[in-house]
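Heads up: the structure comes next, in structure tokens.
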Amino acid sequence: MLDFRDVVERLDEVRAGLGRRGAVPEGFDRIVSLVAERRTAIIEGESRKRALNEASAAIGKLPKGSAEQLEAREKARALGDEARGFDARQKQIEAEIEGLLAHVPNVPAADVPDGASEHDNRELRRWGQRPAFDFAPRDHHDLGEHLGILDFERGSKLSGARFTVLWGAGARLERALINFMLDLHLNEHGYKEVYTPFMVKRAALFGTGQLPKFEPDVFRIGASEEREDDLFMIPTAEVPVTNLHGDEILEGASLPRKYVAYTPCFRAEAGSHGRDTRGLIRQHQFDKIELVHLEAPEASEGGHERLTAAAEQVLQRLGLHYRVMLLCSGDMGFGAKKTYDLEVWLPGQNAYREISSCSNYGDFQARRANLRYRPAGDVKAKPRLVHTLNGSALAVGRTLVAILEQYQQADGSIVVPEALRPYMGGLEKITRA
RNA sequence: GGAGGCGUGGCCGAGUGGCUUAAGGCAGCGGCUUGCUAAGCCGUCGUAGGGGAAACUCUACCACAGGUUCAAAUCCUGUCGCCUCCGCCA
């Protein structure tokens with residue numbers, strides 16, 4: 001969420017930034033008068049409260065039940081009523097401001113290119129070579145079924161469309177990828193591993209910006225006899241991990257906090273009917289390794305580059321050809337200031353597909369989740385909001401897809417990337433069972 | 001699932017309607033002192049929102065949300081969390 005004081009102070013600038021992503025809400029400029037009204041309500045309310053406090057102290061010193069005390073009580077009661085009136089007014093205005101801002105996305109960073117859709121994203125670089133085949137490459141769906149490691153029919157029998165069962169070497173490959181990625185980030189990139197709940201409260205989803213705007217995309221466990229409040233299945237580890245230090249004040253010296261988490265992710269995929277219905281690309285449940293940074297504001301840009309590099313390293317170790325895209329203003333997620341997508345080459349689709357998204361959120365999520373730090377070496381300094389960053393490193397299911405498709409052989413078997421063999425009991429090739 | 005208890009500042013802990021702008025201690029921070037030695041002394045020591053050029057000042061916050069009252073950490077209601085015992089359970 002944007003800071004309403006900042007919005008008022010830099011109204012034209014913020015409006016222009018939001019305009020770049022086509023997200024200036026109706027009546028946006030009304031915020032200026034709302035903030036002014038809020039201030040008036042505070043000043044008036046506080047003056048009544050002060051008078052009331054003084055009056056109450058005086059009443060205590062008057063003889064109990066005396067005529068003058070009764071009279072003073074009447075006057076104090078009136079003050080209290082007035083104070084409550086201004087308080088209510090203040091709350092109402094603040095709710096209006098929040099209502100206005102809760103649906104407003106972040107302002108894009110200056111170096112984010114203008115654009116309306118993914119077609120306007122800018123390719124920054126490519127790594128590796130497209131694998132060349134002297135046969136027609138198959139897609140992972142066919143390969144997986146042929147090998148008996150992907151079972152789409154039984155997934156849908158159990159749970160419906162967009163669920164898949166993995167068998168044998170497929171299941172083991174999934175697990176190997178999880179462990180390989182975690183170990184890489186732990187041992188070589190300095191991340192701390194964290195294991196979190198997979199169901200979270202509404203407040204956590206608000207903190208990272210999925211709510212209130214994107215509730216249809218999230219699976220919700222409604223109230224029941226067991227619980228009166230709602231829980232939501234996490235759509236990404238970003239939600240529990242970023243919110244870990246919500247309402248805390250961290251020591252500046254402890255920044256950056258770099259966390260890596262494995263979690264399954266659950267997405268309703270509302271509005272994506274008919275898209276990527278074949279194969280593993282778009283599932284209701286998938287595994288992901290997520291990197292999250294909490295950084296001092298001045299360090300977040302550098303942190304974003306390092307986080308992205310860590311994600312790229314996974315693809316490089318696995319020998320998977322990919323490219324890096326800088327997303328344009330219109331294609332970024334709700335809370336992001338700047339986003340790099342890693343797109344892996346999928347021979348079966350003859351296309352690059354997103355396998356990781358690495359974003360700098362600035363203080364947008366931190367304000368919602370109340371994530372703060374005290375600048376190092378200055379005990380008098382006011383707490384400041386951290387910057388939050390996150391990125392997938394990587395989406396496990398799509399990595400498995402990329403391995404099947406890039407490492408496929410003419411006979412339909414799959415060569416296991418060398419980096420994964422220690423995690424696969426030395427297995428060098430997946431063949432038909 | 002049953003029964004009971006408890007939630008006060010970074011920590012410990014006092015506080016059952018006005019003398020609490022939350023006592024006292026510990027830790028932290030700043031300084032003084034250092035021959036009296038795992039020390040002493042003085043000061044400082046929360047968060048947020050207002051006002052003010054500033055010094056400073058006001059308002060709110062004792063798990064959270066409501067309520068009673070001129071006045072609530074204190075009384076009432078609801079919620080959440082934690083603890084103990086019993087039962088059940090991977």
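Labels below follow one simple rule: chain letters A, B, ... track the order of the sequence lines, proteins then strands, and each chain is numbered from 1.
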Report summary line: Here the residues of residues 34-45 of chain A within 4.0 Å heavy-atom distance, strictly under, of RNA chain B are A:Arg38, A:Arg39, A:Ile42, A:Ile43
Grab the N/O contacts between the protein and nucleotides 54-60 of chain B below 3.5 Å, and write none if there aren't any.
residue: B:U59; atom: OP1; partner: A:Asn53; partner atom: ND2; Å: 3.4
residue: B:U59; atom: O2'; partner: A:Lys49; partner atom: NZ; Å: 3.4

Indicate every side-chain donor-acceptor pair of residues 54-62 of chain A with a distance under 3.5 Å to a residue at least two apart or in another chain.
residue: A:Ser56; atom: OG; partner: A:Leu52; partner atom: O; Å: 3.1

Report summary line: Paired to B:G43 by Watson-Crick or G-U wobble criteria (both distances under 3.5 Å) is B:C29
Query raised in the report: How far, in whole Å, is B:G46 from B:U21 if one measures between their C1' atoms?
Result: 14 Å
Query - Selection residues 295-316 of chain A - residue pairs positive for ring-ring contact (aromatic ring centres under 6.0 Å, His included), sequence neighbours left out - result: A:His304-A:Tyr340
**Report entry** Rounded distance in Å between the P positions of B:G13 and B:C70
**Finding:** 37 Å
Query raised in the report: Which is true for A:Leu70 with a 4.0 Å heavy-atom rule: it touches a base, it touches only sugar-phosphate, or it touches nothing?
Result: nothing
Query raised in the report: Looking at A:Thr196 and A:Val194, what are the two nearest heavy atoms and their distance?
Result: CG2-CG2, 3.9 Å
Report summary line: Taken in chain and number order and not counting sequence neighbours, the residues that satisfy ring-ring contact (aromatic ring centres under 6.0 Å, His included) with A:Phe364 are A:Phe334
Report summary line: Sorted by chain and residue number, the side-chain contact (heavy atoms from CB on, under 4.5 Å) partners of A:Arg372 (sequence neighbours excluded) come out as A:Ile249, A:Asn370, A:Pro383, A:Leu385
Query raised in the report: Mind checking what makes side-chain contact (heavy atoms from CB on, under 4.5 Å) contact with A:Pro63, not counting sequence neighbours?
Result: A:Ser66, A:Glu68
Query raised in the report: Using the P atom in both, what is the distance from B:C61 to B:A73, to the nearest Å?
Result: 7 Å
Query raised in the report: Does a sphere of radius 6.0 Å around NZ in A:Lys91 hold more than 12 heavy atoms from other residues, nucleotides or ligands, not counting ones at 6.0 Å or beyond?
Result: no
**Report entry** Counterpart residues, side-chain contact (heavy atoms from CB on, under 4.5 Å), relative to A:Gln285 (two or more places apart)
**Finding:** A:Phe163, A:Phe266
**Report entry** Sequence neighbours excluded, every pair satisfying ring-ring contact (aromatic ring centres under 6.0 Å, His included) that has a member inside residues 69-113 of chain A
**Finding:** none
Protein-nucleic acid N or O pairs under 3.5 Å, nucleotides 16-23 of chain B:
residue: B:G18; atom: N2; partner: A:Ser56; partner atom: O; Å: 2.6

**Report entry** Flag if over 12 foreign heavy atoms under 6.0 Å of CZ, A:Arg154
**Finding:** no
Query raised in the report: Expressed as a whole number of Å, how far does the P atom of B:G52 sit from that of B:U47?
Result: 23 Å
Query - P gap between B:A63 and B:G49, integer Å - result: 22 Å
Requested in this report: Please measure how far the P atom in B:A23 lies from the corresponding atom in B:G43, and state the result in whole Å.
Outcome: 15 Å
Report summary line: The salt bridge (Lys or Arg N to Asp or Glu O under 4.0 Å) partners of A:Arg20 (sequence neighbours excluded) come to A:Asp114
Query raised in the report: What is the distance from CD of A:Glu248 to C1' of B:A48, rounded to the nearest Å?
Result: 17 Å
Query raised in the report: Would you say B:G50 has OP1 or OP2 under 4.0 Å from some side-chain N or O of A:Arg48?
Result: no
**Report entry** Between CG on residue A:Leu79 and CZ on residue A:Arg84, distance to nearest 0.5 Å
**Finding:** 10.5 Å
Query raised in the report: If the C1' atom of B:G24 is compared with that of B:A38, how far apart are they to the nearest Å?
Result: 24 Å
Query - Integer-rounded Å distance: B:C11 C1' and A:Ile249 CD1 - result: 16 Å
Requested in this report: Side-chain contact test, heavy atoms from C-beta onward, threshold under 4.5 Å: evaluate it for A:Leu400 versus A:Val396 and give yes or no.
Outcome: no
Query raised in the report: So, is A:Arg372 near the phosphate of B:U47, with a side-chain N or O under 4.0 Å from OP1 or OP2?
Result: no
Report summary line: Pairing partner of B:U20, by Watson-Crick or G-U wobble and under 3.5 Å for both distances, is none
Report summary line: Paired to B:U34 by Watson-Crick or G-U wobble criteria (both distances under 3.5 Å) is none
Query raised in the report: Expressed in angstrom and rounded to an integer, what is the separation of A:His245 atom NE2 from B:G10 atom C1'?
Result: 16 Å
Report task. For atom CE of A:Met199, decide whether the heavy atoms of other residues, nucleotides or ligands shown that lie under 6.0 angstrom number more than 12. Result -> no
Between the protein and nucleotides 66-68 of chain B, list the N/O to N/O atom pairs that are separated by less than 3.5 angstrom.
residue: B:G66; atom: OP1; partner: A:Lys91; partner atom: NZ; Å: 3.2

**Report entry** Nucleotide paired to B:G1 in any strand shown, Watson-Crick or G-U, under 3.5 Å
**Finding:** B:C86
**Report entry** For B:A63, the Watson-Crick or wobble partner whose two distances fall under 3.5 Å
**Finding:** B:U79
Query raised in the report: Distance between the P atoms of B:U16 and B:C11, in whole angstroms?
Result: 23 Å
Report task. Mind calculating the distance between CD (A:Glu251) and C1' (B:G28) to the nearest angstrom? Result -> 10 Å
Query raised in the report: So, is the end of the A:Lys258 side chain (NZ or CZ) under 6.0 Å from the ring centre of A:Tyr191 and within 45° of the ring's axis?
Result: yes
Report summary line: Per nearest nucleotide of RNA chain B, the residue lying toward the 5' end, A:Glu94 or A:Arg84, is A:Glu94
**Report entry** Base-pairing mate for B:A53 - Watson-Crick or G-U, with both contacts under 3.5 Å
**Finding:** none
